[in-house]
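Notes follow the structure.
Values below: all heavy atoms of this structure, side chains included; hydrogens, waters and symmetry mates excluded. Since the model is a prediction, treat every value here as computed from it, not as a measurement. Numbers restart at 1 for each chain; the letters A, B, ... are given by sequence-line order, proteins then strands.
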Amino acid sequence: MSAITKIKGFADLFPPDSTAMLRMESAAREVFGRHGYQEIRTPILEKTELFARSIGEETDVVQKEMYTFPDRKGRSLTMRPEATAGVLRAYVENKVYARETVSKLFTFGPMFRYERPQKGRMRQFHQLNCELLGAEEPHADAEVVVMLWDFLGTLGIPDLALELNSLGCRECRPAYHEALKAFLAGLDTDALCEDCRRRMHTNPLRVLDCKVPTCKALVEDAPKITDHLCAGCADHFAAVREVLDGANVAYTLNPRLVRGLDYYVRTTFEVVSGAIGAQSAVAGGGRYDGLIAQLGGPDAPGIGFACGMERLALLLPPVQAARPDFYVAVLDPAGLTAGMLLAKGLRDAGLGGECAFAAKSMKSQMRAADKAGARACLLLGGDELAVGTVVIKNMATGGQRSVSRADVAEVARAVREAAG
RNA sequence: GCGGGAGUAGCUCAGUUGGCAGAGCACAUGGUUGUGGCCCAUGUGGCCGAGGGUUCAAGUCCCUUCUCUCGCCCCA
């Protein structure tokens, strides 16, 4: 029989990878919670229509990366490729906007995109998402960005760069697009790389982002979106920056920062790292006024971000695994039950540790205690069984003493003492 | 969807012109009949990714295929 393997691009997480996920989730609950954000959970499976309408029919995500399939009655369902659409659907469907004018929500969990896996990219990956709904003011944008920066700082991630841009709005963006297209049309097209010749028509903003040196040089003097913002967008962007400056959040303005999802307007931002391979974006987000209405809700504004947990995990400083307080070594089979019950009593007293299942040699039990990293080893052999005691050995100093087993509180005290 | 790299023990990897599958680490047991780490000894562990071909003989050469990995596209 051949063994069944996991699906390409999906992962099994054991410690320390699984504990890294837990660390990120705990930090998220703490930091986002302090900012008044509440955790919500939405389904992993949604109607395909939801993503087609929110992310954009023409985006790569919708065109070729979604896990889409019919259910048993022929309805088209999709494994969520991102979280914002589902959160907004829940916001609209549950009429959250009728209960409160501003909603602060966060969520995390698995997302699915059918792409070729590589470093920092999996077909099932995990994101942390925050959404601030119902606030159009620039200070809302600023709060979200500052909160993201604080979150990453809490985790101790080094050498991250924050990039900031404004994409303008429905008023000023079309004019910029025309200006950019005109500029590109005036270039020597043959000098551009193959990808850029295609991008000129499919997604002209992307040409500005090309890594090929010749392309970079050619678009050096391309018009910048930030020079084409309308008065409203320019004021908004300036106010956002004022808060970031005051909060000492270091950022760079990147007029070439493009977001791949159609729904972004005005403020967009991205956090990148140079230490995790080609997929360098750790987090990204922006404002999406109009999207809620597009999903059948009220004309409420919104802003949020997504943070890639696998990419973040590549950057998390390692932490030492927690060490158990004790290990009960049983030397005589007749003591196995007494050992189990002793361990239970210690756990009831708030300590952590394990007891052997089989009576083996002293050497192998001590090795087991050492391997487990136990701070104290409890020895239960024939002698102790006969007189009702247990020997407590301090694994760091090697010192040991005998304690009566009858008083669990006393045993626990001795273990705590040995455990430091 | 398109490129590059790699598949040999649980892990990291050697393996010569084709000639009996190896090392280190890890794991188990012992060196000490009740004392861990360091050291030493012994042991467990392999369809050499899979299938086909050439050959007296294939981990090694040829073909096919699968998987992993890095990159492109794109994104978190």
Side-chain angles (χ1 to χ4, degrees), chain A residues 2-3 5-11 14 24 55 58-66 80-84 108-130 148 152 193-196 198-199 202-203 206 209-212 258-261 269-273 276-286 304-315 327 329-332 335 359-385 391-400 402:
Chain A
S2 60
T5 58
K6 62 184 179 299
I7 301 169
K8 181 201 281 286
F10 288 59
F14 286 80
M24 291 183 267
I55 300 170
E58 301 308 317
T59 58
D60 278 17
V61 170
V62 171
Q63 285 285 311
K64 52 186 197 189
E65 294 174 2
M66 296 202 301
R80 62 183 185 191
E82 57 107 43
T84 301
F108 53 77
M111 311 292 157
F112 304 84
R113 290 184 199 174
Y114 194 94
E115 302 179 87
R116 278 289 282 275
Q118 66 187 79
K119 187 171 187 179
R121 164 185 292 162
M122 299 296 278
R123 288 184 173 180
Q124 175 179 326
F125 60 105
H126 295 75
Q127 286 185 338
L128 282 156
N129 269 77
C130 286
L148 169 60
L152 296 169
C193 73
E194 195 183 327
D195 285 331
C196 282
R198 176 176 49 76
R199 289 183 183 117
T202 58
N203 192 348
R206 276 279 163 210
D209 214 24
C210 187
K211 290 158 195 145
V212 176
V258 179
R259 309 287 316 151
L261 280 44
F269 52 95
E270 197 166 287
V271 177
V272 297
S273 163
I276 55 173
Q279 306 308 317
S280 58
V282 164
F305 63 80
C307 183
M309 296 176 74
E310 280 80 4
R311 293 181 188 177
L312 211 46
L314 293 171
L315 293 162
Y327 183 92
V330 182
L331 305 174
D332 186 323
K360 292 199 278 191
S361 75
M362 175 67 85
K363 182 197 263 303
S364 95
Q365 299 243 25
M366 289 300 297
R367 279 180 176 164
D370 189 56
K371 194 183 154 197
R375 296 178 190 278
C377 184
L378 278 59
L379 298 172
L380 202 50
D383 298 347
E384 288 75 21
L385 284 174
V391 168
I392 295 160
K393 179 184 175 84
N394 181 326
M395 293 296 279
T397 65
Q400 60 186 49
S402 185

**Asked** For A:Leu312, which contact category applies under a 4.0 Å heavy-atom criterion: base, sugar-phosphate, or nothing?
**Response** nothing

**Prompt:** Does any nucleotide pair with B:rG22 by Watson-Crick or G-U wobble geometry, both distances under 3.5 Å, and what is it?
**Reply:** B:rC13

**Prompt:** When the C1' atoms of B:rG31 and B:rC56 are considered, how many whole Å apart are they?
**Reply:** 48 Å

**Request:** May I ask you to say what A:Lys8 touches in the nucleic acid, namely base, sugar-phosphate or nothing, with a heavy-atom cut-off under 4.0 Å?
**Result:** sugar-phosphate

**Asked** Any side-chain heavy-atom pair from A:Leu128 and A:Met309 closer than 4.5 angstrom?
**Response** yes

**RNA chain B: 5'-proximal contact among A:Tyr114 and A:Met122 (nearest heavy atom)** = A:Tyr114

**Prompt:** Over how many whole Å does the gap from A:Met395 atom CE to B:rG36 atom P extend?
**Reply:** 9 Å

**Message:** Taking only side-chain N and O atoms of A:Gln279, does any of them lie within less than 4.0 angstrom of OP1 or OP2 on B:rA76?
**Reply:** no

**Request:** Between B:rA41 and B:rG5, how far apart are the C1' atoms? Round to whole Å, please.
**Result:** 41 Å

**Message:** From the set B:rA76, B:rU29, B:rC70, return the single nucleotide nearest to any side-chain atom of A:Ala306.
**Reply:** B:rA76

**Complete:** When rounded to whole Å, the CD to C1' distance for the pair A:Gln124 and B:rA76 reads 14 Å

**Message:** Please determine whether any donor N or O and acceptor N or O are separated by less than 3.5 Å between the side chain of A:Arg367 and the base of B:rG30.
**Reply:** yes

**Request:** Please name the residue in the list A:Met122, A:Arg121, A:Lys64 that meets the side-chain contact (heavy atoms from CB on, under 4.5 Å) test with A:Glu115.
**Result:** A:Arg121

**Asked** For A:Gly285, which contact category applies under a 4.0 Å heavy-atom criterion: base, sugar-phosphate, or nothing?
**Response** nothing

**Asked** Is any side-chain N or O of A:Gln118 closer than 4.0 Å to OP1 or OP2 of B:rG71?
**Response** yes

**Nucleotide B:rC68, atom C1' - distance to CZ of A:Arg123 in whole Å** = 13 Å

**Request:** With heavy atoms under 4.0 Å as the rule, sort A:Glu82 into base, sugar-phosphate or nothing.
**Result:** nothing

**Message:** I'd like to know if the side chain of A:Glu310 reaches the main chain of A:His126, judged simply by a donor and an acceptor atom lying under 3.5 Å from each other, with no hydrogens or angles considered.
**Reply:** yes

**Asked** For the side chain of A:Gln365 and the backbone of A:Met362, is there at least one donor-acceptor N/O pair under 3.5 Å apart?
**Response** no

**Item:** Any A:Ser361 side-chain N or O less than 4.0 Å from OP1/OP2 of B:rG30
**Value:** yes

**Message:** With rounding to the closest Å, how many angstrom separate the C1' atoms on B:rA28 and B:rU65?
**Reply:** 38 Å

**Heavy-atom side-chain contact between A:Leu312 and A:Cys307 under 4.5 Å** = yes

**Fill in**
B:rC2 -> Watson-Crick or G-U wobble partner, both distances under 3.5 Å, gives B:rG71

**Request:** For B:rU64 versus B:rA26, give the span between their P atoms, rounded off to a whole number of Å.
**Result:** 42 Å

**Item:** No-H, no-angle donor-acceptor pair, A:Gln365 side chain to B:rG34 base, under 3.5 Å
**Value:** no

**Separation of B:rG1 P from A:Met66 CE (nearest whole Å)** = 17 Å

**Asked** How many Å lie between CG on A:Leu148 and C1' on B:rA76, as a whole number?
**Response** 11 Å

**Asked** Within the pair A:Lys360 and B:rA28, is there a side-chain N or O less than 4.0 Å away from OP1 or OP2?
**Response** no

**Prompt:** For the side chain of A:Arg113 and the backbone of A:Pro81, is there at least one donor-acceptor N/O pair under 3.5 Å apart?
**Reply:** yes

**Item:** Given B:rA76, B:rC73, B:rG36, the nucleotide with the shortest approach to the side chain of A:Phe125
**Value:** B:rA76

**Request:** Would you indicate what A:Ala369 reaches in the nucleic acid, counting non-hydrogen atoms under 4.0 angstrom: base, sugar-phosphate, or nothing?
**Result:** nothing

**cation_pi(A:Arg123, A:Phe10) dist<6.0 Å, angle<=45** = no

**Request:** Establish whether the base of B:rG71 is bridged to the side chain of A:Arg121 by a donor-acceptor pair shorter than 3.5 Å.
**Result:** no

**Asked** If the C1' atom of B:rG15 is compared with that of B:rG7, how far apart are they to the nearest Å?
**Response** 15 Å

**Prompt:** How far, in whole Å, is B:rA9 from B:rG45 if one measures between their P atoms?
**Reply:** 14 Å

**Request:** Name the nucleic acid region contacted by A:Gln63, choosing base, sugar-phosphate or nothing; use a 4.0 angstrom heavy-atom cut-off, strictly under.
**Result:** nothing

**Message:** Of the options B:rG71, B:rG36, B:rA76, whose atoms approach the side-chain atoms of A:Arg116 most closely?
**Reply:** B:rG71

**Asked** Is B:rU55 paired to anything, Watson-Crick or G-U wobble with both distances less than 3.5 Å, and if yes, which nucleotide?
**Response** none

**Prompt:** If you look at every strand shown and take non-hydrogen atoms under 4.0 Å, does A:Lys371 touch a base, only sugar-phosphate, or nothing?
**Reply:** sugar-phosphate

**Message:** Give me the distance, rounded to whole Å, that separates B:rC11 from B:rU69 when you measure between the P atoms they each carry.
**Reply:** 14 Å

**Request:** Could you let me know what B:rA41 is paired to, Watson-Crick or G-U wobble, both distances under 3.5 Å, or none if it's on its own?
**Result:** B:rU29

**Request:** Would you mind classifying the nucleic acid contact of A:Glu115 as base, sugar-phosphate or nothing, using non-hydrogen atoms under 4.0 angstrom?
**Result:** base

**Message:** Work out how far the C1' atom of B:rG43 is from that of B:rA76, and round it to whole angstrom.
**Reply:** 49 Å

**Fill in**
Here the distance between atom C1' of B:rU33 and atom CG of A:Asp332, to the nearest Å, is 13 Å

**Item:** Side chain proximity check, A:Glu65 to A:Asp60, heavy atoms < 4.5 angstrom
**Value:** yes

**Message:** Both A:Lys363 and A:Ala278 contact RNA chain B. Taking the nearest nucleotide for each, which residue is further toward the 5' end?
**Reply:** A:Lys363

